Amino acid sequence: MLPLIESTQQLRAFLQRPVEGPATDTRFPKLTVITPSYNQGVFLERTIVSVLNQGYPNLEYIIVDGGSTDSSVDVIRRYAPYISYWVSEKDNGQVDALNKGLARATGDWISFQNSDDVYFPETFFRFAEAARKYPQAGMLYGDLYMITADDEVTELLKTIPFSLTSQVIEGMQVHNQSLFFRRSLVEQYGAFDPSYGFAFDYEFITRYAAVPSVRVQRVAGLAGALRVHEEAKSSTIAHVGKAEHLRVTEQFGAILDSRVPTKLRYLYSRLRKAAYLIAERDIAYIRHRLERSRKE
């Protein structure tokens with residue numbers, strides 16, 4: 001991974017590059033990207049550009065706007081020639097918007113990016129390579145960057161090979177900013193649960209991963225970015241998220257590996273991550289995370 005300063009420079013240059021429609025090439029897996037949008041016009045253009053500037057040649061891009069009253073619709077119209085489908089109408093929130101997008105998706109694989117988050121360059125091509133390399137995988141995921149309102153990269157959150165125990169006990173091991181999943185899983189196991197207002201992606205990923213036949217595959221270097229700002233949903237309803245997290249834990253906790261005693265599962269999860277990073281000789285990242293934990 002690049003140092004944070006270089007990553008910031010790369011991201012800013014990528015988001016400022018003019019958009020050009022790529023030539024179609026159906027030899028690549030078809031990818032549907034869904035962006036739910038509502039009054040995030042100040043960030044939405046960068047989200048759109050981060051999708052279109054991938055230059056991916058077999059892309060279906062869907063934007064579902066909830067009837068924004070800011071500049072969002074003007075931004076969407078600016079890029080309409082490159083967008084497969086978009087709508088701006090009142091809906092029942094983010095989950096409703098995402099499910100509308102899923103209902104229209106025709107890609108072999110699906111990803112969704114919120115209207116204030118972005119992808120890093122070359123993400124889609126790394127996805128396509130991984131989809132060929134791991135034909136049995138149902139979900140692909142990678143590392144996550146944290147960025148500010150002005151696209152400064154402030155943090156790298158490294159992922160490790162997936163563990164359902166860690167996902168349930170410790171929380172999100174897979175983040176939507178760097179997630180791709182097969183459309184066939186939606187057809188088999190359902191869309192997002194509208195009873196969740198915050199942890200819908202956590203429940204969705206855990207529900208799929210709990211199916212024994214669904215392989216969840218980590219892909220090195222496949223990166224998206226979560227934008228942290230005052231208006232971000234994750235900054236305003238954390239108390240709701242805790243309650244919904246507990247609901248997921250209770251729902252899926254019963255199917256965890258019984259070889260790991262209940263009282264030791266959290267410790268197991270933490271030690272597992274440390275052991276993996278040590279095995280990868282990523283001591284600098286471990287030291288960085290420990291220092292950050294002390295400050296928090």
Side-chain angles (χ1 to χ4, degrees), residues 1-11 13-15 28-29 31 33 50-51 53-59 107-113 117-147 151 153-167 170-182 185 201-202 204-206 208-209 214-227 268-290 292:
M1 293 292 180
L2 292 173
L4 298 185
I5 293 177
E6 293 182 30
S7 296
T8 296
Q9 294 170 343
Q10 181 189 51
L11 178 61
F14 178 60
L15 297 179
F28 287 81
L31 170 63
V33 177
S50 80
V51 173
N53 272 352
Q54 297 290 324
Y56 191 72
N58 199 5
L59 174 69
D108 304 305
W109 289 81
I110 299 174
S111 183
F112 68 97
Q113 194 67 285
D117 300 331
V118 298
Y119 293 103
F120 262 68
E122 302 297 320
T123 295
F124 293 178
F125 285 102
R126 286 195 292 273
F127 143 77
E129 181 181 351
R132 292 192 180 108
K133 184 177 179 180
Y134 304 107
Q136 302 305 314
M139 289 190 282
L140 301 170
Y141 70 98
D143 296 339
L144 174 72
Y145 284 105
M146 310 288 280
I147 60 175
D151 306 318
V153 178
T154 59
E155 183 77 11
L156 167 64
L157 299 180
K158 285 198 171 183
T159 56
I160 66 173
F162 186 78
S163 161
L164 184 61
T165 297
S166 296
Q167 172 77 1
E170 195 175 351
M172 290 282 282
Q173 306 294 298
V174 179
H175 303 274
N176 79 269
Q177 291 81 9
S178 301
L179 168 70
F180 300 86
F181 53 92
R182 289 188 183 275
L185 295 183
D201 49 351
Y202 179 39
F204 177 85
I205 293 166
T206 307
Y208 285 13
V214 176
R215 179 177 175 181
V216 186
Q217 178 66 50
R218 177 182 182 270
V219 180
L222 197 163
L226 168 66
R227 191 183 303 279
Y268 158 82
S269 178
R270 303 293 289 189
L271 290 177
R272 179 177 173 273
K273 184 168 187 176
Y276 177 79
L277 293 173
I278 291 171
E280 292 291 300
R281 299 182 180 180
D282 205 340
I283 305 302
Y285 182 74
I286 295 174
R287 187 183 301 117
H288 165 73
R289 293 303 302 172
L290 287 173
R292 187 174 181 85

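What you are looking at is a predicted structure, and each value in this text was computed from that prediction instead of being measured.
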How many angstroms lie between CZ in F125 and CG in L31, if you round to the nearest 0.5 Å?
11.0 Å
Where do Q136 and R215 come nearest, in terms of heavy atoms and distance?
O-CB, 3.7 Å
Is the closest side-chain heavy-atom distance between L11 and Y145 below 4.5 Å?
no
Taken in chain and number order and not counting sequence neighbours, the residues that satisfy salt bridge (charged side-chain N to carboxylate O under 4.0 Å, His left out) with D151 are R46, R227
4.5 Å side-chain heavy-atom contact, L4 and E155:
no
For F14, is there any backbone N or O sitting under 3.5 Å from a side-chain donor or acceptor partner on N53?
yes
Are the side chain of R132 and the backbone of P29 linked by a donor-acceptor contact shorter than 3.5 Å?
no
Rounded to the nearest 0.5 Å, what separates atom NE2 in H175 from atom CG in D117?
11.5 Å
Please name the pair of heavy atoms, one in Y56 and one in A128, separated by the smallest distance, quoted to 0.1 Å.
OH-CB, 3.7 Å
When you measure from the side chain of S111 to the backbone of V33, do you find a donor-acceptor pair of N or O atoms at a distance under 3.5 Å?
no
Let me confirm one number: the CG-CG distance from L226 to L157, rounded to the nearest 0.5 Å.
8.5 Å
Kindly say whether T159 contributes a backbone atom to a donor-acceptor pair with the side chain of D143 at under 3.5 angstrom?
yes
So, for I147 and T154, which heavy atoms are closest and what is the spacing to 0.1 Å?
N-OG1, 4.3 Å
Indicate yes or no: at least one non-hydrogen side-chain atom of Q167 is less than 4.5 angstrom from one of I205.
yes
Residues forming a ring pair (Phe, Tyr, Trp, His ring centres under 6.0 Å) with Y134, sequence neighbours excluded
none
Angle class for the F112/F181 ring planes (parallel below 30°, perpendicular above 60°, tilted otherwise)?
perpendicular
Can you tell me how far OH of Y208 sits from CG of L179, rounded to the nearest 0.5 angstrom?
10.0 Å
Evaluate the side-chain proximity of Q173 to S163: yes if any heavy-atom separation is below 4.5 Å, no if none is.
no
Report the C-alpha separation of N176 and Q113 in whole Å, then their side-chain angles, then the decisive distance to 0.1 Å, and conclude whether the side chain to side chain contact (heavy atoms under 4.5 Å, CB included) test is met.
CA-CA 7 Å; N176 79 269; Q113 194 67 285; 3.8 Å; yes
Compare every heavy atom of A137 with every heavy atom of Q217, then report the nearest pair and how far apart it is.
CB-CB, 4.0 Å
Can you name the nearest heavy-atom pair linking M139 to A209, along with the distance?
CE-N, 3.8 Å
May I ask you to test the V51-Y119 pair for a side-chain heavy-atom distance under 4.5 Å?
yes
Do L15 and S50 come within less than 4.5 Å of each other through their side chains, counting heavy atoms only?
yes
Can you name the residues that form a side-chain hydrogen bond (donor to acceptor under 3.5 Å, both in side chains) with Y141, not counting sequence neighbours?
none
Heavy atoms, side chains only, cut-off 4.5 Å: are E129 and F28 in contact?
no
Working to the nearest 0.5 angstrom, can you tell me the gap between K133 NZ and R126 CZ?
13.5 Å
On a heavy-atom basis, which atom in T123 and which in A223 lie closest, and how many Å separate them?
OG1-O, 2.9 Å
For the residue pair V153 and F120, establish whether any side-chain heavy-atom pair is separated by less than 4.5 Å.
yes
